[in-house]
Chemist: 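Okay, here's the structure, questions in a sec.
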Amino acid sequence: LSAPEAPSDNLIDAGGSIFMSAAADLALDAVSAGGNITLASGSGIDVERLDAGGGVSLAAQNGAVLVSEDLISGQPVTATGTAVTLNALGALSVASATATEGNVALASGDGLTLANADASGQVGASSGSTLTLTGTVNGTQISLASRDIAIGSGAQVGTIQRTTGIQITANGADAPVVIGGSGSGTGYRLDNAEFARLAARDVTISSQGESASMQIDALTVRGGAASNPNVTGQLSFLADGDVEMIGRLAFDTATETNGVRVSAHSFFADAAGAGIAVTKGSALAGSIDIEANSILVSSRTAADELDGLP
C-alpha cells in the first residue's frame, strides 16, 4: 500500500507480509501480519499495536517513530526516525534503533535484547526481566533499567566523546545486587568485564525495590588519565538499603576530577581485602565520598559482634 497520505484509525490484518508507504504521517491503530511488516513514511509513524510473525522495519524520514502500546515481532526490529519509541508488553528484540534528532526509548514487560542504538539525544532501555546488550549503544545520556543485565563481549555502551552519563538501575531485582567480580551466581550481576564495556563522563549504579541493598565486588575502573578511560568523572553507587564492599574497587589512572561516591542506609567494608582506592600510579588522586547512617570498616567477625550488641 503506497499513498500520499495514509488514513488514520486503520486496522490492518494479513496472513502474509505487509508493506505500507506514505509521503506524510502514517497513523494506525493496529497492524498484524503472519510475515514481515514494513512501514515507511516521509514524515512520522504512529502505531498503537504491531504484531508480526516475521520482522518489523519502521522508517520515518522526517518524523518520529512510535509504537505506543505493544510490539510483537518474530525477528529483531529495526527503527529509524527523528526519535524512536518502542513499547512491548512481552519480550522485545531490537536489531537497531536510530534517532537522528531526539531520543531512543525502549521498554518491554519481559526480556529486552538490544543490538545497536544511536541517538542524537538520550537512549533509554527498560526491561521487566533481563536486559541484554550485544552491540553499540550511544547517546548523550544512557539509562538502563532491568531486573538483571548482560553486556556481551562485543558490546560497547557509551563513548567518552559523546556520553555525559550512564545510569544503571537494578529495578526490583532479585537479591543479591552485585557489582564487579566474576559475575557467577544468582541475582542481579554487573560483573567486572561487563563494567569495562561502559564509557562515559559519569556512571551511576543504583538498586531499587525489594532488594535495595548492594554488594561491590572486585572492580577495576579506568580513570581520566588512562589511554582508554571508561569513567572520566564520578562513579556513584546509590542504594536505598545497605552497601557492602566484598572486594577491592580500584579506580586506576585517575585524575583530580575522578571520584567515587556511595550513598546508602549503611556502609560496610570487609577489612580483609575489600576497600576503595582512587589512584594515579602510586599517588592518591580524586575523591571518595561515603554518605550513610553508619559506616564500618572491620573484619566480618567484628561486624557480626557489633551487630549483636544491644
Side-chain angles (χ1 to χ4, degrees), residues 1-129 131 135 137-145:
L1 174 63
S2 179
E5 184 171 356
S8 61
D9 300 325
N10 276 331
L11 303 174
I12 300 173
D13 193 349
S17 295
I18 293 174
F19 173 84
M20 296 186 68
S21 176
D25 287 330
L26 190 57
L28 301 163
D29 287 345
V31 183
S32 178
N36 300 328
I37 294 177
T38 302
L39 304 181
S41 169
S43 185
I45 296 173
D46 186 342
V47 184
E48 291 184 6
R49 299 178 303 281
L50 275 176
D51 187 346
V56 171
S57 175
L58 308 171
Q61 290 184 0
N62 297 299
V65 171
L66 170 64
V67 180
S68 59
E69 292 188 10
D70 189 24
L71 194 164
I72 301 172
S73 180
Q75 297 175 11
V77 176
T78 62
T80 302
T82 55
V84 173
T85 301
L86 305 178
N87 294 292
L89 298 177
L92 177 63
S93 179
V94 177
S96 67
T98 304
T100 58
E101 298 178 17
N103 303 330
V104 169
L106 310 173
S108 68
D110 203 341
L112 173 57
T113 299
L114 174 59
N116 300 293
D118 189 276
S120 63
Q122 303 178 18
V123 175
S126 176
S127 169
S129 183
L131 173 60
V137 179
N138 208 354
T140 57
Q141 292 271 343
I142 298 173
S143 301
L144 309 173

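By convention here, the first residue in the shown sequence is residue 1.
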Chemist: Scan the side chains in residues 70-86 for donor-acceptor partners under 3.5 Å anywhere in the protein, sequence neighbours excluded, and list what turns up.
Modeler:
residue: Asp70; atom: OD1; partner: Leu89; partner atom: N; Å: 2.8
residue: Ser73; atom: OG; partner: Gly54; partner atom: O; Å: 3.2
residue: Ser73; atom: OG; partner: Gln75; partner atom: N; Å: 3.4
residue: Ser73; atom: OG; partner: Gln75; partner atom: O; Å: 2.5
residue: Thr78; atom: OG1; partner: Ser57; partner atom: OG; Å: 3.4
residue: Thr82; atom: OG1; partner: Gly63; partner atom: O; Å: 3.1
residue: Thr82; atom: OG1; partner: Ala64; partner atom: N; Å: 3.2

Chemist: Compile the donor-acceptor pairs under 3.5 Å between side chains in residues 32-43 and protein atoms, sequence neighbours left out, one pair per line.
Modeler:
residue: Asn36; atom: OD1; partner: Gly55; partner atom: N; Å: 2.7
residue: Ser41; atom: OG; partner: Ala24; partner atom: O; Å: 2.6
residue: Ser41; atom: OG; partner: Ser43; partner atom: N; Å: 2.9
residue: Ser41; atom: OG; partner: Gly44; partner atom: N; Å: 3.3
residue: Ser41; atom: OG; partner: Gly44; partner atom: O; Å: 3.1
residue: Ser43; atom: OG; partner: Asp25; partner atom: OD1; Å: 2.7

Chemist: Who passes salt bridge (Lys or Arg N to Asp or Glu O under 4.0 Å) against Glu69, sequence neighbours left out?
Modeler: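 Residues passing salt bridge (Lys or Arg N to Asp or Glu O under 4.0 Å) with Glu69: Arg49.
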Chemist: For Asp118, what residues pass the salt bridge (Lys or Arg N to Asp or Glu O under 4.0 Å) criterion, not counting sequence neighbours?
Modeler: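 In terms of salt bridge (Lys or Arg N to Asp or Glu O under 4.0 Å), with neighbours along the sequence ignored, Asp118 is linked to Arg162.
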Chemist: If I compare all heavy atoms of Ile142 with all of Asn138, which pair ends up nearest, and what's the gap?
Modeler: CD1-CA, 4.2 Å
Chemist: Quick check: does any side chain N or O of Ser127 sit under 3.5 Å from a backbone N or O of Asp110, one acting as donor and the other as acceptor?
Modeler: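 The answer is yes, because a donor-acceptor pair under 3.5 Å joins these two groups.
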Chemist: Atom CG in Leu28, atom CD1 in Ile12: separation rounded to 0.5 Å?
Modeler: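 Interatomic distance, Leu28 CG to Ile12 CD1, rounded to 0.5 Å: 5.0 Å.
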Chemist: What residues form a side-chain contact (heavy atoms from CB on, under 4.5 Å) with Ser68, not counting sequence neighbours?
Modeler: Glu48, Leu66
Chemist: Calculate, to the nearest 0.5 Å, the distance between atoms CD1 and CG belonging to Ile18 and Asp13 respectively.
Modeler: 7.0 Å
Chemist: If you round to the nearest 0.5 Å, how far is CG of Leu92 from OG of Ser126?
Modeler: 11.0 Å
Chemist: Locate the shortest heavy-atom distance separating Gly102 from Ser120; write the atom from each residue and the value.
Modeler: N-OG, 2.9 Å
Chemist: Which residues pass the side-chain contact (heavy atoms from CB on, under 4.5 Å) test with Thr140, sequence neighbours left out?
Modeler: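 With neighbours one apart ignored, the set is Gln122.
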Chemist: Assess whether side-chain contact (heavy atoms from CB on, under 4.5 Å) is satisfied between Leu58 and Leu50, documenting all intermediate values.
Modeler: CA-CA 11 Å; Leu58 308 171; Leu50 275 176; 3.9 Å; yes
